[in-house]
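Here the structure is laid out as structure tokens; the discussion comes afterwards.
For the numbers below, each heavy atom of this structure counts, side chains included, while hydrogens, waters and symmetry mates do not. We number each residue from 1, following the sequence as shown. Just follow the structure's listing: the first ligand is 1, and inside any ligand the first atom is 1.
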Amino acid sequence: MSDFNLLIDGKMVPGDMTMPVLNPATEEVVAQCPRASKSQLDTAVAAAKAAFPAWAATSIEDRRKVVMKMADVIEANSGELARLLTAEQGKPLADATGEVLGMAAFFRYLGSLDLPMKVIENSGDRKVEAYRRPLGVVGAIIPWNYPLLILAFKLPSALIAGNTLIVKPAPTTPLASLRFAELIKDVVPKGVLNFITDANDLGGEMTKHPDIRKISFTGSTATGQKVMASAAQTLKRITLELGGNDAGIVLDDVDPKKVAPGIFEGAFQNSGQVCLAIKRLYVHESVYDELCDELVAIAKSTVVDDGSKQGTKLGPLQNKMQYEKVKTFLEDAHKNGKVVAGGAAMDRPGYFIEPTIVRDIKEGSKLVDEEQFGPVLPLIKYSDKDDVIRRANATTYGLGASVWSSDIKRAHEVATQLESGTVWINKHLDMAPHIPFGGAKQSGIGTEFAEEGLAEFTQLQIINGPPAA
Ligand code: NAD
């Protein structure tokens with residue numbers, strides 16, 4: 001495996017320390033990775049601060065060209081990036097390839113957006129204009145479930161808006177990001193884009209750094225709370241995309257055979273390590289047994305293996321900590337419900353857990369009340385529509401939800417009553433760069449993607465004066 005380096009001030013440099021990155025399918029070392037010191041973070045921030053005035057002064061058209069060139073580089077190197085992603089993250093190679101191509105698509109769409117000046121009023125002696133100015137140095141903090149895609153949710157918008165950027169991947173998945181940094185190093189003016197890595201010790205330094213103006217964070221709600229508290233010291237702008245406990249609600253009129261594959265995909269994609277996965281499935285009593293049997297059949301026929309092997313549908317959990325955490329949800333499932341598929345960690349090296357379906361389980365159990373972030377789905381029976389809406393909303397989370405029905409009007413009526421940032425009908429996890437995305441309640445603050453997401457990387461400036469003669 002080739003050497004990996006940090007990108008600081010236009011140069012690939014070794015870290016002051018190193019750390020191993022493991023393959024979660026084998027627990028073997030994929031590569032030694034640089035680990036930045038606090039002083040390397042400070043050097044990166046100083047470089048980004050120095051690069052800011054010139055970058056902010058370029059036209060959006062010139063910045064767009066840079067982002068589009070990055071998309072070309074991603075596509076030209078998609079095979080290598082996907083293989084690295086599978087090696088460090090664990091996901092099947094086909095999914096990793098999808099993630100890399102999705103990354104390029106987000107660069108292309110978000111990179112095509114504009115920030116036009118808007119005239120708010122032009123009457124008599126008053127002309128009021130609204131401009132979107134860049135903020136300065138932005139910090140992007142990334143989790144380990146979709147390292148490249150979540151990077152692509154942030155980077156193009158931050159740069160197009162005229163900001164400079166410090167990216168920090170998660171400690172267990174830094175390699176594909178560092179390789180990407182190396183590939184685009186000469187596409188971006190020096191200092192505009194910097195990549196550092198850490199062992200969970202520099203995120204907090206970024207959130208309190210006086211020269212970082214905004215943090216765009218994706219990760220758990222617990223860490224998001226720390227980010228918000230720390231950012232308060234310097235009144236940084238924050239966008240927080242946090243955890244979820246998405247409810248899927250299956251109405252009494254579905255054909256269980258028809259909806260089961262979509263529900264399974266919505267719950268088990270990326271081995272359940274998706275912020276917006278279905279994490280609780282509420283099923284009407286009239287279709288409960290039948291849908292349960294369909295999901296069990298799919299779970300039992302799903303190939304779980306090393307993501308680099310052809311035919312693998314689900315890979316391992318990404319890291320040991322998450323693997324140990326999901327095992328505590330399995331214990332709870334055995335105690336509080338009836339496990340009808342899977343139910344155990346697999347007896348092999350790597351962090352593998354069988355796709356697990358749990359029936360006859362209720363609120364009050366850990367598996368229903370908390371975010372499992374793994375391949376374990378509880379099925380909860382209900383009989384009354386208003387009651388299930390109340391139960392779906394009885395959580396501090398509010399990221400996504402879905403309603404499944406053969407009557408779109410009925411499904412829509414339920415959807416409008418759910419307290420979450422996104423509600424899907426007869427699908428789950430359908431995301432695109434032109435559709436704004438964000439969480440309600442403790443699932444986040446702010447929006448990503450589309451014009452709304454781009455606006456969060458800017459400062460609104462109003463100029464109010466008489467019209468020019
Ligand atoms: P995490 O919160 O442990 O880590 C996320 C990132 O924060 C990592 O880069 C980590 O190094 C960094 N970090 C750690 N301590 C920090 C601190 N004190 N200050 C600033 N940064 C710090 O999350 P994770 O375990 O990597 O990811 C899983 C969680 O992320 C789940 O809860 C999942 O639902 C959520 N998630 C949300 C979205 C979304 O868009 N809403 C997307 C993916 C994942």
>> Could you tell me if W404 and S402 have a donor-acceptor pair between their side chains, going purely by distance under 3.5 Å?
In response: yes

> Any idea which heavy atoms bring S443 and G243 closest together, and the distance?
Replying inline: OG-O, 2.6 Å

Which pairs would a plain distance check flag for residues 434-441, meaning a side-chain donor or acceptor within less than 3.5 Å of a matching protein atom at least two apart in sequence or in another chain?
residue, atom, partner, partner atom, Å
K441, NZ, N393, O, 3.0
K441, NZ, T395, O, 2.8
K441, NZ, E419, OE1, 2.7

Pairwise, report which nitrogen or oxygen atoms of ligand 1 are under 3.5 angstrom from protein nitrogen or oxygen atoms, and how far apart they are.
residue, atom, partner, partner atom, Å
ligand 1, 2 (O), S220, N, 2.9
ligand 1, 2 (O), S220, OG, 2.8
ligand 1, 2 (O), T223, OG1, 2.8
ligand 1, 9 (O), I142, O, 2.8
ligand 1, 9 (O), K168, NZ, 3.0
ligand 1, 11 (O), K168, NZ, 2.9
ligand 1, 11 (O), N200, OD1, 2.5
ligand 1, 19 (N), G204, N, 3.4
ligand 1, 23 (O), S220, N, 3.3
ligand 1, 25 (O), W144, NE1, 3.0
ligand 1, 26 (O), W144, NE1, 2.9
ligand 1, 30 (O), G219, O, 3.1
ligand 1, 30 (O), S220, N, 3.4
ligand 1, 32 (O), E371, OE1, 2.8
ligand 1, 34 (O), E371, OE2, 2.6
ligand 1, 41 (N), L242, N, 3.2
ligand 1, 41 (N), L242, O, 2.7

>> Going by side-chain contact (heavy atoms from CB on, under 4.5 Å), name the residues that satisfy it together with R391, two or more places apart in sequence or in a different chain.
In response: Y282, E363, I380, Y382, D387

>> Run the side-chain contact (heavy atoms from CB on, under 4.5 Å) test against A105 and tell me which residues pass, sequence neighbours left out.
In response: none

> Where do S37 and D16 land on the side chain to side chain donor-acceptor pair (under 3.5 Å) test, with the steps shown first?
Replying inline: CA-CA 6 Å; S37 61; D16 282 345; 2.6 Å; yes

